[in-house]
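Ligands are counted one by one from 1 in listed order, and the atoms in each one are counted from 1 as well. Positions are given from 1, in the same order as the sequence printed here.
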Amino acid sequence: MDQDPIQITKTYLPDIDDYIEYLRLIWETNQVTNNGPLVQLLEEKLRIYLDVQYLFFVSNGTIALQIAIKALGLSGEIITTPYSYVATTSTVIWEGCLPKFVDIDPETMCIDPDRIEQAINPQTSAILPTHVYGFPCSVEKINAIAKKHNLRVIYDAAHTFGARYKGKPLVSFGDISTLSFHATKLFHTVEGGALITNNKELGERIAYMRNFGHKGKEKYWGLGINGKNSELHAAMGLCILPHIDEIIRHRKYISELYRNLLNGTNLIIPALPPLTDYNYAYFPVLFNSEKDLIKILRALTDQNIFLRRYFYPSLSRLPYIKDQPMPISEDISRRVLCLPLSHDLNKEQISRISKIIKGNLS
Ligand SMILES: *Cc1c(COP(=O)(O)O)cnc(C)c1O
């Protein structure tokens with residue numbers, strides 16, 4: 001029992017000497033922020049790696065969502081998913097709009113496209129779904145609905161780094177997609193995020209908006225905010241990006257081990273999404289009941305294995321949301337756990353975790 005604790009995720013830290021090399025560059029130029037050379041280099045490398053046209057590095061994934069809502073000039077109601085991280089909902093309210101939840105498809109855990117149209121009314125301005133766990137939403141159906149009703153689409157793509165759907169980068173759908181590069185995410189810059197769009201004019205708005213609306217030193221394009229990120233954060237991204245394929249490969253290996261070891265139990269393990277090059281960002285499992293989940297959470301904690309309930313509670317249960325019951329999202333959020341997944345877990349640890357789970361299932 002004297003084993004090292006295992007956390008749900010472990011931040012990947014690159015070789016410290018790689019980071020110090022970038023620090024020396026920063027010390028040489030004395031430029032620490034304000035769209036410096038490392039921020040520009042990271043953006044260029046991310047555009048190539050993610051295979052997208054316009055990408056803007058910002059200070060976190062939450063401000064990315066806020067800027068997306070502002071850049072599209074949204075108001076009124078935004079149709080969104082109740083099954084995501086809190087930022088998907090809180091940013092809508094923070095920007096003065098109302099989140100209108102549409103329940104999820106229990107298979108994909110993403111917004112159910114067949115329930116979207118009945119939620120549209122004259123106040124609706126946009127759809128904001130999440131590709132939860134990196135599982136693709138029904139992008140074709142959502143696109144068709146948005147077109148028909150003249151709505152904008154923002155994808156919260158915080159979990160999709162590197163994932164592809166039908167060969168296309170998952171971050172290339174919608175008017176804007178947003179990423180988070182928080183330290184708990186697959187690819188990170190300690191804190192950070194990005195907005196992605198294929199629309200040049202929208203890209204220009206985003207570029208102004210993340211930098212106070214500055215157009216040169218003394219002129220202003222319009223209203224902006226401080227969404228910039230720094231050279232030190234960009235340096236972290238530049239150190240990690242060359243290792244990302246190897247990180248994803250290892251996570252795939254760990255995920256396959258779990259899948260084999262937990263096979264034949266009454267756990268529901270979502271199948272890998274079809275037509276998708278998955279990024280192995282998460283390994284969610286569904287229990288038969290919340291009672292089972294709590295028992296196993298306790299058994300794992302006793303063995304120094306610490307999980308978090310991604311995602312609980314359903315966002316329809318937030319204290320500032322009234323009268324929007326979402327039975328599927330609420331049911332799933334009570335029964336789901338993400339198992340530990342990181343670059344440095346080994347086979348023995350996965351066996352240990354799986355054994356504890358199997359031994360405590362009812
Ligand atoms: C992490 C996350 C965010 C917020 O990103 P930050 O970089 O932490 O601000 C938004 N949406 C989802 C789905 C997330 O998982």
Side-chain angles (χ1 to χ4, degrees), residues 7-12 39 42 46 55-70 78-95 97 99 101-102 104 108-111 126-137 153-163 170-171 173-174 176-196 210 225-230 232-234 236-237 240 251 278-284 307-316 318 329 332-333 336-338 341-342:
Q7 308 286 347
I8 179 165
T9 177
K10 181 169 176 179
T11 299
Y12 179 91
V39 163
L42 179 65
L46 286 175
L55 178 146
F56 302 90
F57 184 42
V58 292
S59 41
N60 57 66
T62 304
I63 199 91
L65 283 166
Q66 287 177 239
I67 292 175
I69 292 168
K70 273 282 194 302
I78 298 179
I79 289 175
T80 187
T81 176
Y83 191 73
S84 184
Y85 182 61
V86 67
T88 316
T89 296
S90 61
T91 49
V92 169
I93 299 175
W94 200 268
E95 291 303 326
C97 300
F101 289 125
V102 165
I104 57 172
T108 65
M109 302 194 221
C110 294
I111 199 165
I127 310 173
L128 168 48
T130 300
H131 301 295
V132 74
Y133 305 128
F135 299 162
C137 295
V153 180
I154 300 170
Y155 282 108
D156 184 337
H159 305 161
T160 71
F161 192 89
L170 197 43
V171 289
F173 294 92
I176 299 176
S177 284
T178 63
L179 282 167
S180 166
F181 303 151
H182 184 257
T184 53
K185 303 298 205 279
L186 178 57
F187 168 80
H188 81 95
T189 59
V190 185
E191 292 275 357
L195 293 99
I196 287 135
R210 77 165 165 182
I225 195 167
N226 185 359
K228 291 180 271 93
N229 211 330
S230 81
L232 287 92
H233 292 84
M236 182 61 85
I240 295 174
R251 296 172 76 107
Y278 188 51
N279 63 2
Y280 301 90
Y282 296 88
F283 194 85
L307 273 62
R308 276 186 62 181
R309 297 177 70 175
Y310 286 152
F311 290 95
Y312 178 86
S314 169
L315 301 174
S316 46
L318 286 169
S329 171
I332 285 184
S333 67
V336 72
L337 275 184
C338 283
L341 191 53
S342 75

| request: Return yes when G192 approaches ligand 1 closer than 4.0 angstrom through a heavy atom, no otherwise. | output: yes
| query | When you measure from atom 15 (O) of ligand 1 to every protein heavy atom, which one gives the shortest distance, and what is it? | reply | H159 NE2, 2.7 Å
| request: Check the surroundings of atom OH in Y85: do more than 12 heavy atoms from other residues, nucleotides or ligands lie under 6.0 Å from it? | output: no
| Of all the non-hydrogen atoms in the protein, which one sits nearest to atom 2 (C) of ligand 1, and at what distance? | K185 NZ, 3.0 Å
| atom 3 (C) of ligand 1: the protein heavy-atom neighbour that sits closest, reported with distance to 0.1 Å | Y85 CD2, 3.8 Å
| query | When the ring centroid of F173 is compared with that of Y155, is the distance short of 6.0 Å? | reply | no
| message | Looking only at protein heavy atoms, which one is nearest to atom 9 (O) of ligand 1, and what is the separation? | response | T62 OG1, 2.6 Å
| task | Answer yes or no: is there a donor N or O on one side and an acceptor on the other, between the side chain of T81 and the main chain of Y83, under 3.5 Å? | result | yes
| request: Looking only at non-hydrogen atoms, find the nearest pair between I69 and T91 and report the distance. | output: CD1-O, 3.8 Å
| Counting distance only, does the side-chain N/O of N229 pair as donor-acceptor with the main-chain N or O of E191 below 3.5 Å? | yes
| said: List ligand 1 atoms under 4.0 Å from G61, heavy atoms only on the residue side. | reply: 5 (O), 6 (P), 7 (O), 9 (O)
| said: Heavy-atom distances under 4.0 Å decide this one: backbone, side chain, both or neither, for D156 against ligand 1? | reply: side chain
| task | Report yes or no: does R251 contribute a side-chain atom to a donor-acceptor pair with the main-chain N or O of N279 at less than 3.5 Å? | result | no
| field | Aromatic contact, F135 with Y278 (centres under 6.0 Å) | value | yes
| said: Would the distance check show the side chain of H188 and the main-chain N or O of H182 forming a donor-acceptor pair, the cut-off being under 3.5 Å? | reply: no
| Considering only heavy atoms of A158, which atoms of ligand 1 have at least one such atom less than 4.0 Å away? | 2 (C), 11 (N), 12 (C), 13 (C), 14 (C), 15 (O)
| task | Please identify which atoms of ligand 1 are closer than 4.0 Å to at least one heavy atom of N60. | result | 7 (O), 9 (O)
| For ligand 1, which atoms have a heavy atom of S84 less than 4.0 angstrom away? | 13 (C)
| field | atom 5 (O) of ligand 1: nearest protein contact (heavy atom, Å) | value | S180 OG, 3.2 Å
